[in-house]
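We name chains A, B, ... by the order of the sequence lines, and we start the count at 1 in each one.
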Amino acid sequence: MSEPLFDVENLYVSFPDPNHKTLFGQMPMVEVLHGIRLKIEEGTVVGLVGESGSGKSTLGRALVRLLDPVSGSIRFAGTDITYLDENALRPLRRDLQVIFQDPLSALNPRLTIGTIIGRPLQLHGLANGRREALKLTQEALEHVGLPTAFVARYPHELSGGQRQRVGIARAIATRPRFVLADEIVSGLDVSSQAQILTLLADLKKDLGLTIVFISHDLSVVRRLCDQVVVLRHGEILENRPTGPLFEHPEHPYTAELKAAIPLPEVDGDWLNS
Amino acid sequence: MSPDKATARSYLDIDDLSIVLKHQPTHRLLRSVGLHVMPGEVRGLVGESGAGKSMIGKTIFDILPRAVEIVEGSVRLGDDELLKLPQSARRKVIARTSALIPQDPLTALNPVRRIEPQITDRLTRILGVSKSDARERARALLDEVHIRDPESVLRNYPHQLSGGMRQRVLIAAAFAAEPKLIVADEPTTALDVTVQKQILKLIAEMQARHGTALLFVTHDLGVVAKICQNVSVLYGGKIVEDTEVKSLFARPTHAYTQALIAATPRYDRPDESLVPVPAAVIEATQHEIAAADDAWLGARQAGGRR
Amino acid sequence: MSEHARHRRPVSWRLILSGSWLAIVIICAVFAPYIAPHDPLAQDLLLERLPPFWVSGAEPGYYLGTDGLGRDVLSRIIYGARIALTVAFVAATAACLIGSTMGLVAGYFRGWLDQIVSRIVDIWMSFPPVLFSILLVAVIGTGLHSVIIAITAIDWIRFCRVVRAETLVQTRMDYIDSARAAGFSRLNILVREVFPNALPTIVALLSLEMGIAVIVEAILSFVNLSISTDDPTWGGMIAEGRTIIHFAWWVLVFPLIALFLTVLAFSQFGEGLRDRFDPVLR
Amino acid sequence: MTALRAILTRALMTAITLFGVAVIVFVVIRVAPGDPIAMMLPPGASDDDIAHLRALYGLDKSIVQQFFIWLGNVLQGDFGTSISIRQPVSRIVLNRLPATLELSLLAMTIAVLFGGALAFFATRFRETPAETGVDIINGIALSVPDFLWGLALILLLGVAWPVFEISGRISPSLDPQFSTQFYLLESILRLRLDVTLDLLDHMLMPALALALPLAAVIAQLLKVSLKETMNQDYVMLARTKGFSESHVISHDAFRNALLPTLTLTGIQLTFLIGGTVIIERLFSYEGLGNLAIDAVINRDLPLIQGIVLLFAILFVGINLAVDLLYTVLNPRLRHG
């Protein structure tokens with residue numbers, strides 16, 4: 001563990017302001033991330049936590065280069081990927097996988113599960129031909145606890161929890177080093193949420209994954225993550241190992257976030273604290 | 001209102017309520033549900049998606065979808081048996097006595113109407129209050145929900161307010177006609193945690209001040225623990241547990257409730273929380289429901305023959 | 001729920017009825033010489049304006065009567081199907097290929113490409129389409145080729161607009177990002193992820209466009225700008241029927257019915273296909 | 001600031017569109033085979049005569065020069081002189097425009113009333129056989145274009161059961177001696193109701209033929225949009241307040257449902273006006289469209305250019321008006 005898997009230095013990301021749509025000239029930009037510094041060690045699970053508008057998803061998407069940073073640098077496994085283009089990124093893609101928040105939107109509605117999981121395997125040369133891709137796809141489905149017969153199904157034929165498992169199967173099928181999990185349990189019921197998180201923890205152990213887990217819910221992060229990063233308004237407020245962060249939050253905002261979570265136990269003073 | 005008398009009896013009484021799909025009358029979506037809320041009581045209604053939580057709310061407000069029908073049961077608001085009234089009278093009773101705080105403040109306000117009529121339209125159009133009185137009331141209500149500068153907010157359109165502000169406006173609108181019953185349907189699910197806490201506090205404060213009966217629908221046991229006195233747990237359209245909140249967490253009796261509590265994440269006990277609901281518990285609960293269905297169908301068929 | 005979704009949908013009457021009529025029209029067009037009872041061009045002034053078979057004064061063998069020059073109406077309708085279908089298939093397919101490609105590319109790549117396409121669409125939308133097609137045919141000369149070129153040149157815009165809008169919707173979905181995260185190239189994503197999602201719309205629109213092409217050809221024939229006046233076209237028959245409507249209604253009515261049913265069938269067939277074969281709706 | 005920017009952008013795009021229209025009209029007509037000059041002269045005219053006429057119409061200059069001379073004239077309101085009628089194009093066109101505008105407006109009114117009523121009815125009785133009925137009627141009205149409706153109406157209400165006139169704008173026996181070409185409007189203002197009735201007798205069938213497809217489009221879009229709106233949380237909330245179903249539709253759902261319908265109706269309205277070209281021909285109605293077809297057949301280049309440009313300006317204007325209306329109705333755009 002000489003070098004971290006991810007090394008982010010002074011990262012700035014901006015978006016064009018959708019409120020100022022024009023035909024000509026430079027569109028006004030809104031800065032979403034201001035000078036992020038972050039190191040992620042191989043084999044750890046890092047929680048990115050913040051409320052809406054904190055920039056947590058933007059940071060996640062910048063890590064896997066689904067968007068282009070303005071300045072700063074992102075090093076992945078020793079390679080500077082900040083400004084690599086589509087073609088240069090392609091060989092790295094099998095190691096940079098994503099699980100999306102809304103699996104219904106993230107799975108192409110008119111492709112079968114077999115195609116959705118299998119095609120990337122062929123692209124990265126992990127499977128020669130369709131038969132081998134099918135075999136690996138079925139293995140991936142089994143790995144996430146789904147029946148192999150699902151290869152012939154379409155996404156809309158599955159339940160919400162099943163779709164999210166397909167999303168996970170796709171991400172792990174290429175045997176990546178890194179997986180970004182973007183709010184993957186926020187649309188799910190408590191019972192499916194627990195199942196998916198347990199599955200993710202097991203996969204991490206089995207496959208030695210490095211995971212960045214984005215969530216708006218501090219309490220979900222506690223069990224799964226080794227390290228928690230608290231974001232607000234595009235800046236990192238606190239970045240520490242999970243246990244100490246929860247026991248003694250250093251930043252008042254972290255303490256506020258923690259205090260705002262209603263624990264399932266009767267406490268008459270909580271509302272007024 | 002004399003609180004002594006009122007506490008003697010519950011205000012909302014749902015008994016033996018069964019709802020089925022019209023084209024599949026043996027399949028029940030709600031299974032002989034009983035639910036009671038006293039004046040001044042805050043009762044939680046907990047369940048996962050598909051358990052039938054919103055179906056109960058829709059029954060109370062007479063806005064069930066056309067594809068379902070009530071086959072059995074009674075819904076009483078005070079002295080009025082809703083299911084025995086003709087629709088227009090029923091809606092009038094509901095409008096006078098009950099109000100809803102909806103789930104998503106971003107979609108629950110009409111985007112092309114100003115805030116003021118959305119708070120006052122029940123008063124002016126249904127209850128016959130004059131426009132100036134209604135405006136005065138709206139201003140007072142916005143004060144009560146801690147909105148600064150109520151004058152300008154009344155003139156605003158929804159998109160000009162933040163999510164938390166909109167939820168405050170919706171709470172004000174719900175209390176506008178001094179309802180006896182308020183149903184809050186997951187009112188904080190769409191909000192950030194820090195805003196959620198403020199809104200929960202506001203709802204509790206308003207409820208206590210007005211002595212309203214409050215039915216708080218949610219999937220979050222944490223929220224139940226903080227705001228409710230009593231709780232009904234719903235699974236598959238059936239109330240599996242009905243108890244005080246204190247005893248729910250101290251001694252949950254039903255296996256499903258126990259499993260649900262164990263599945264709820266908590267940062268203070270990471271290793272005991274987030275336990276997936278065991279398949280055996282789901283199986284046993286579904287078995288219990290099937291048995292209840294058989295008994296119900298048997299009784300109905302016997303009743304039909306008589 | 002998932003079990004229900006896998007059930008086969010009931011038989012679609014929309015698809016069967018419209019498909020049957022289109023099959024009849026296609027058979028008529030292909031085998032016209034064997035089916036038509038008379039030569040569609042044969043004039044016989046002794047037989048002019050004969051009524052259809054159930055009206056008194058009808059002549060046996062002329063089932064749907066004759067027109068002002070004594071030509072058999074039924075035979076002319078059967079031969080008219082040839083020109084109608086040729087125009088429908090060729091012009092609609094060409095318009096579809098050009099328009100859908102432009103729409104996909106503009107909607108997916110956006111930027112300056114989209115700006116140019118959008119301006120062209122705006123300009124095209126500023127012309128009354130019927131007048132534009134009449135003008136084009138008048139400029140490039142009458143004949144089958146001109147009709148097809150005119151329809152293609154005008155109606156590709158319909159495909160472009162609809163497909164571009166659909167593509168814009170699709171590009172906002174997360175599955176595009178997940179394909180990018182998997183490492184697929186932009187072109188690959190366009191062809192293998194976006195296109196299958198636009199395809200049901202394109203197919204429905206293609207069928208609809210065939211009906212529209214039939215109508216435009218009829219309109220051009222009606223104003224005497226399509227094929228040479230002797231050749232049997234439904235529009236030409238309607239134009240003649242319109243002038244003698246008070247003496248021989250059948251000259252107008254029967255080609256009108258043929259046109260009506262064909263246009264209706266094309267639009268319903270497209271909708272039916274989409275309902276039947278789109279995996280998301282199925 | 002943003003509003004001003006948006007308006008400027010919109011204005012510039014409009015200008016680009018109109019310039020493009022002008023270029024295309026000019027180019028299409030200039031590549032037309034056949035010499036219009038030759039058609040104007042009697043057989044056996046001398047080369048000098050031809051050259052003289054060429055110079056007169058500016059046809060001896062380069063095509064780019066011709067374009068800018070023509071465009072300059074157009075911008076000053078001079079559309080040239082018609083070759084077949086030998087009058088200024090602007091005068092001929094403006095003389096015919098009112099007839100087409102009246103027909104289009106009548107058709108649009110019918111379409112909006114029909115379509116709106118159908119949508120309201122189908123929404124009020126949604127998920128019942130009544131809605132299915134509306135859907136079937138819509139489906140047929142949508143897939144059959146105005147040209148065929150016109151022919152069907154002629155057969156039904158003109159020949160089989162002759163209720164209406166099937167050709168012309170006004171009976172030749174009536175000579176209203178009006179001061180404008182807006183006959184319908186003027187007859188109502190002057191209380192010449194005999195003329196009004198005669199005009200409607202001629203206009204109703206073509207107007208109906210134009211209106212049917214548009215009515216179906218409006219009914220369809222508005223119904224889908226209304227039904228979607230009826231499932232919104234704010235509509236549900238209105239129901240819990242005790243409002244009746246009809247009140248909820250008209251007060252809470254209608255304006256929201258109107259917005260998406262409106263944007264698409266703008267384009268549909270231009271389709272309706274475009275449809276007048278063939279419908280006027282079919283009913284021998286003396287409007288702009290009928291004139292346009294005559295002009296094409298006579299190869300009257302200046303006249304065609306004038307008419308097509310006028311249509312384009314009309315269409316661009318309608319789209320602008322719809323955008324404006326959308327902004328007025330949508331508080332999100334009004335109060336940024």
Practice task
Could you tell me which non-hydrogen atom of Glu51(A) sits nearest to which non-hydrogen atom of Asp192(B), and how far apart they are?
Solution key: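 Nearest pair, atom of Glu51(A) first, then Asp192(B): OE2-CB, 3.0 Å.
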Against chain B, label [X] side chain, backbone, both or neither, depending on which of its atoms sit under 4.5 Å from a heavy atom there.
X         : result
Leu263(A) : both
Thr198(A) : side chain
Ser186(A) : neither

Any idea which of [options] has the most non-hydrogen atom pairs under 4.5 angstrom with chain A?
options                                   : value
Val277(B), Asp220(B), Val193(B)           : Val193(B)
Ala263(B), Ala259(B), Ala204(B), Gly50(B) : Ala263(B)
Lys246(B), His219(B), Arg266(B)           : Arg266(B)

Inter-residue atom distance [X].[atom1] - [Y].[atom2], 0.5 Å rounding:
X         : Y         : atom1 : atom2 : result
Lys197(B) : Leu257(A) : NZ    : CG    : 11.0 Å
Leu274(B) : Ile196(A) : CG    : CD1   : 12.0 Å
Leu271(A) : Gln198(B) : CG    : CD    : 12.0 Å

Please check if atom [atom1] in [X] has more than 12 non-hydrogen atoms from other residues, nucleotides or ligands closer than 6.0 Å.
X         : atom1 : value
His287(B) : NE2   : no
Glu283(B) : CD    : no
Arg148(B) : CZ    : no

Practice task
For the residue pair Asp268(B) and Arg222(A), establish whether any side-chain heavy-atom pair is separated by less than 4.5 Å.
Solution key: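 They are not in side-chain contact.
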Handout entry: Which residues share a side-chain hydrogen bond (donor to acceptor under 3.5 Å, both in side chains) with Ser215(A), sequence neighbours left out
Key =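 For Ser215(A), no residue satisfies side-chain hydrogen bond (donor to acceptor under 3.5 Å, both in side chains) once neighbours in sequence are set aside.
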Problem - Asp102(A): partners by side-chain hydrogen bond (donor to acceptor under 3.5 Å, both in side chains), with sequence neighbours left out - result: none
Handout entry: Contacting moiety of Val275(B), where chain A heavy atoms sit under 4.5 Å
Key =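 Interface part for Val275(B): backbone (N, CA, C, O).
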Practice task
Identify which part of Gln196(B) has an atom lying under 4.5 Å from any heavy atom of chain A, answering side chain, backbone, both or neither.
Solution key: side chain
Practice task
Would you confirm whether Lys226(B), through its side chain, and Glu265(A), through its main-chain N or O, come within 3.5 Å as a donor-acceptor pair?
Solution key: yes
Practice task
Using atom types as modelled and distance alone, determine if a side-chain donor or acceptor of Arg223(A) lies under 3.5 Å from a backbone N or O of Ser273(B).
Solution key: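 Side chain of Arg223(A) to backbone of Ser273(B), a donor-acceptor pair under 3.5 Å: yes, one is there.
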Exercise for the section: Report the option among Pro264(A), Ala259(A), Ala260(A) that has the most heavy-atom pairs separated by less than 4.5 Å from atoms of chain B. Expected result: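 So the answer, after comparing Pro264(A), Ala259(A), Ala260(A), is Pro264(A).
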Exercise for the section: Could you walk me through whether Tyr267(B) and Leu218(A) pass side-chain contact (heavy atoms from CB on, under 4.5 Å), step by step? Expected result: CA-CA 7 Å; Tyr267(B) 58 82; Leu218(A) 257 183; 5.8 Å; no
